> 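Handing you this structure, nothing more for now.
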Amino acid sequence: MFEREKQVLEQKLRPLLEAREVPVPEAFTYVEIPFKGTWGFGLAVFPLAAAEVKAKGLKGVPVPKRAQELAEYLAANLDPGQLPGIQRIEAVRGYLNFYLDPHLYSRQVIDRVLDEGQKYGHHPRRGERVMVEFSQPNTHKALHVGHLRGTILGDVICRILDAAGYDVVRANYLGDIGWHVIKWLWNYLKYHKGEEPPAEDKIRWMGDLYVEANKRLEENPELEAEVRDLFKRWDQGDPELRALWEKTRQWSIEGFDEIYRWLNVHFDRVYFESEVEEEGKALVEDMGARGIAIDQRPEGPVIVNLDQLMGLPEGTLRTYVVLRSDGTSLYSTKDLALAIRKFREYPDLARSIYVVDVRQSLYLKQIFATLKVMGYEWADRLYHLAYEVVVLPGNVVLKTREGEVVFLRDLIQEAIRRARAIVEEKNPALDAVTKERVAHAVALGSLKYTMVARENNRTVTFDWKRALDFQGVAAPYIQYAHVRANSILRKAGGALPEPLTPAHALHPKEVDLISQIAVFPDRVLMAAREYKPLTLTNHAYELARAFNDFYNTCPVLQAEPRVRAFRLRLVAAAKQTLANALALLNIEAPEVM
RNA sequence: GCCCCAGUAGCUCAACAGGACAGAGCAGCGGCCUUCUAAGCCGCGGGUUGCAGGUUCGAGUCCUGCCUGGGGCGCCA
């Protein structure tokens, strides 16, 4: 931000430094000014002072002291009048602070926001396509809070990348085959034949049958022979079994779709494990023929010795198993084929991102390395966006196999129920339809916010109490600020006043709010660069807080006409920025609540 | 054994590619609804950023070692 202003500044700075024989650095170090109620940027003078001390051999001269002297010298010799937009220059504790003229810039910022509307914070198209694969649930299993993090993180990353100017392909990858499916089918055929899932909760029913299958097999291990026989039938392509598989798979998919609708998450391309299985097996054969894979069948599996192939120290990428000794496929078999298929369908992908939990880091490195060894030039464009898992209090890992989970459906329903009660309590005057809409917005917003308002590589401990706490740093706080802004505009009525430059001395709370609004587009880029939605959740909160401060300090409707006109525009700009920030987090911005 | 991640207030977490006195929320105590929605705001208390070194003008942030916790490591996904 303020690149133009800094450029002009540096031209003035150079001769002043040279006059003092201070070495001019290649780049100056700028920082944000931490003081509230001001707007501008700071220049750290320490590096200049350190360079001077070194160049002149000034032994025993403390750099901080020298920096402050230098800052004062510069402040005294720079004329704010010669620097566009700069109102005041101040030397403080080794920093040279440039305060901007808030009257000038506030108008620019507000006009821009209101002009760009929903596009404010969105950057020009880059003409680069990226694919983001996320969510990846298994059919025939439950969907639990653990899936929520990956799903929301992936979705928000897509939104952020889109806003940063990338063309995003949203991909999902469903685990629709494998042992878990066969076990499920075995249990169904033997104990539930002909049954159908209840319409209101298909996922739970599917998940329960899977848990039951595991329990039965655990209690009677001799039954495993039946499951193995079934797997054989599957592998031979038994039409009756395949038909049942497709039918039951559909039940899972319908259950997933319901959840995705609630979460407002969609996909452009859905891959199935089953569709890349044969390709994967063929690929492994080819790898064997080319000497990349070592075929130990039937005594052992087909493996790739990555460390040897890549000349890495033993134990770095270890050995990668790509096919079972009985010739059946593994996750790895299919993932190799999937990566290739993605680039066949979208040859121009600048990046193919895998939003997958951190436990699979080594595994994904192995996939990427294997593809590289195979000679695919795009292998360098594969990227693992790792996130830590969701655990229950006491570090209890969620396990679909034992059914030790918090079902996503239950969580969402409970959150909505809870939100309903709060809406009823806070705003009983609302009509029934609106109450319901607000309850949804608040409940889902809260869940999404907590999933994504955390460093990607830190675990989320799921706790009912905290997940359903709508106070403090949470989505409703931000939504509420949006509602208040809307309320002022509604009461003002009519069209917004024409653009105007403020004539009154801006209140520090006004300045803070404007500067939070102004910084939003930069935050979007930062979030995109680091694949870090946390940057945006933090900013959305800061923005809401700045608005609440402003709201509590600066009257809008009661203010004298010119101030009122300016503040109305400011409120409209704040509302728009809040809405845009929430949209990037896939959180609704209600008009009332 | 090797590798990865984390350790910040009583609790849950921030700290924008090293920068100003380490900030919020929750919990606790005390205030603010005849003025734009109190899902809000204000105030009080609370810290040797796991430990020990190092680099730097400057370290929660980078490097080394150690401690604690979590995860991964050839036929699960």
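Just so it is clear, the structure is predicted and the values come from calculations on it, not from any experiment. Numbers restart at 1 for each chain; the letters A, B, ... are given by sequence-line order, proteins then strands. Side-chain atoms are counted along with the backbone in the values below, which use heavy atoms only and exclude waters and symmetry mates.
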> Listing request: all salt bridge (Lys or Arg N to Asp or Glu O under 4.0 Å) pairs with a residue in residues 462-471 of chain A, at least two apart in sequence or in separate chains.
none
> Compare the aromatic ring of A:Y95 with the six-membered base ring of B:A20 and state whether they stack according to the 5.5 Å and 30° rule.
yes
> Using a heavy-atom cut-off of 4.0 Å across all strands, would you classify A:N138 as base, sugar-phosphate, or nothing?
sugar-phosphate
> List the protein contact pattern of nucleotides 30-42 of chain B with one symbol per nucleotide (5' to 3'): B for base contact, S for sugar-phosphate-only contact, - for none; contact means a heavy-atom distance under 4.0 Å.
-----SBBSBSSS
> When you get a sec, tell me which of B:A24, B:G74, B:G19 is the closest nucleotide to the side chain of A:V321?
B:G74
> Just call it for A:V92: base, sugar-phosphate, or nothing, with non-hydrogen atoms closer than 4.0 Å on any strand.
base
> I need the CG-C1' distance between A:D469 and B:A24, as an integer number of Å.
14 Å
> Let me know the distance between OH of A:Y331 and P of B:C75, rounded to the nearest Å.
17 Å
> For A:T319, is there any backbone N or O sitting under 3.5 Å from a side-chain donor or acceptor partner on A:N305?
no
> For the P atoms, the ones on B:A9 and on B:C4, what distance do you get once it is rounded to whole angstrom?
26 Å
> Taking only N/O atoms, report every protein-nucleotides 43-47 of chain B pair under 3.5 Å with atom names and distance.
none

> Who pairs with A:A544 by side chain to side chain contact (heavy atoms under 4.5 Å, CB included), at least two apart in sequence or on another chain?
A:Y477, A:I478, A:A481, A:L578
> Output one line per pair: protein atom, nucleotide atom from nucleotides 10-14 of chain B, and distance, for all N/O pairs under 3.5 Å.
from: B:C13; atom 1: OP1; to: A:R454; atom 2: NH1; distance (Å): 3.4
from: B:A14; atom 1: OP1; to: A:E455; atom 2: N; distance (Å): 2.8
from: B:A14; atom 1: OP2; to: A:R458; atom 2: NH1; distance (Å): 3.1
from: B:A14; atom 1: O2'; to: A:N538; atom 2: ND2; distance (Å): 3.0

> Expressed as a whole number of angstroms, how long is the span from A:D335:CG to B:C76:C1'?
13 Å
> Not counting sequence neighbours, list each pair that qualifies as a side-chain hydrogen bond (donor to acceptor under 3.5 Å, both in side chains) and has a residue in residues 558-567 of chain A.
A:E510-A:R567
> For A:R359 and A:P64, find the nucleotide of RNA chain B closest to each by heavy atoms; which residue's nucleotide sits nearer the 5' end?
A:P64
> How far does the P atom of B:G25 sit from the matching atom of B:C42, given to the nearest Å?
8 Å
> When you check the glycosidic angle of B:C33, does it come out syn, meaning within 90° of 0, or anti?
syn
> Please give the distance between the C1' atoms of B:C26 and B:A20 as a whole number of Å.
29 Å
> Applying side chain to side chain donor-acceptor pair (under 3.5 Å), can you list everything that pairs with A:N138, at least two apart in sequence or on another chain?
none
> Sequence neighbours left out, what passes side chain to side chain donor-acceptor pair (under 3.5 Å) with A:Y531? Give chain and number order.
A:R351
> Could you tell me how far apart A:H144 (NE2) and B:A77 (C1') are, to the nearest whole angstrom?
12 Å
> What about A:Y173 and A:Y271, are their ring centers closer than 6.0 Å?
no
> Going by side chain to side chain donor-acceptor pair (under 3.5 Å), name the residues that satisfy it together with A:Y551, two or more places apart in sequence or in a different chain.
none
> Could a donor-acceptor pair under 3.5 angstrom be found where the side chain of A:S325 meets the base of B:C75?
yes
> Base, sugar-phosphate alone, or nothing: which one does A:E530 contact when heavy atoms must sit under 4.0 Å apart?
nothing
> Report yes if the distance between the aromatic ring centroids of A:Y354 and A:F368 is under 6.0 Å, otherwise no.
yes
> Going by side chain to side chain contact (heavy atoms under 4.5 Å, CB included), name the residues that satisfy it together with A:S252, two or more places apart in sequence or in a different chain.
A:T139, A:M206, A:F256
> B:G46 and B:A24: how far apart are their C1' atoms, nearest whole angstrom?
14 Å
> Looking across every strand, which nucleic acid part, if any, lies under 4.0 Å from A:P47 by heavy atom: base, sugar-phosphate, or nothing?
base
> For B:C13 versus B:G60, give the span between their C1' atoms, rounded off to a whole number of Å.
14 Å
> For nucleotides B:G72 and B:A77, find the distance between their P atoms and express it as a whole number of Å.
15 Å
> I need the CD-P distance between A:E314 and B:C3, as an integer number of Å.
14 Å
> Quantified in whole Å, what is the C1' atom distance between nucleotide B:G45 and nucleotide B:G10?
12 Å
> Which one, B:A6, B:A20, B:A77, comes nearest to the side chain of A:L330?
B:A77
> Please work out which of the three classes, parallel, tilted or perpendicular, describes the rings of A:F231 and A:W179, given edges at 30° and 60°.
tilted
> Could you check whether any side-chain N or O of A:Q136 sits under 3.5 Å from a backbone N or O of A:V356, counting only pairs where one atom can act as donor and the other as acceptor?
no
> Let me know the distance between OH of A:Y387 and C1' of B:C5, rounded to the nearest Å.
16 Å
> Whole angstroms only, please: what is the CD-P distance between A:E90 and B:A20?
17 Å
> Reckon A:R324 touches a base, only the sugar-phosphate, or nothing at all at heavy-atom distances under 4.0 Å?
base
> If only atom types and distance count, is the side chain of A:K509 paired as donor or acceptor with the main-chain N or O of A:C554 below 3.5 Å?
no
> Should stems be defined as at least three consecutive Watson-Crick or G-U pairs with both distances under 3.5 angstrom, which of them involve RNA chain B?
B:1-7 with B:67-73, B:10-13 with B:23-26, B:28-32 with B:40-44, B:50-54 with B:62-66
> Are the aromatic rings of A:Y95 and A:F46 close, with centres under 6.0 Å apart?
yes
> Between A:G300 and A:L43, just flag the one whose closest nucleotide in RNA chain B comes earlier from the 5' side.
A:L43
> Indicate, with a heavy-atom threshold strictly under 4.0 Å, whether A:E299 touches base, sugar-phosphate, or nothing.
base
> Please work out if A:I303 contacts a base, only the sugar-phosphate, or nothing of the nucleic acid, heavy-atom cut-off 4.0 Å.
base
> Please evaluate the base of B:C16 for a donor-acceptor partner in the side chain of A:R523 within a cut-off of under 3.5 Å?
yes
> Check whether A:F28 forms a cation-pi arrangement with A:K6 (NZ or CZ under 6.0 Å from the six-membered ring centre, at most 45° off the ring normal).
no
> How long is the line joining CG of A:L323 and P of B:A77, in whole Å?
12 Å
> Using the C1' atoms only, state how far B:C57 lies from B:A52, rounded to an integer number of Å.
24 Å
> Applying side chain to side chain contact (heavy atoms under 4.5 Å, CB included), can you list everything that pairs with A:R529, at least two apart in sequence or on another chain?
A:M526
> Would A:R88 and A:F98 count as a cation-pi pair here, with the cationic atom under 6.0 angstrom from the ring centre and within 45° of the axis?
no
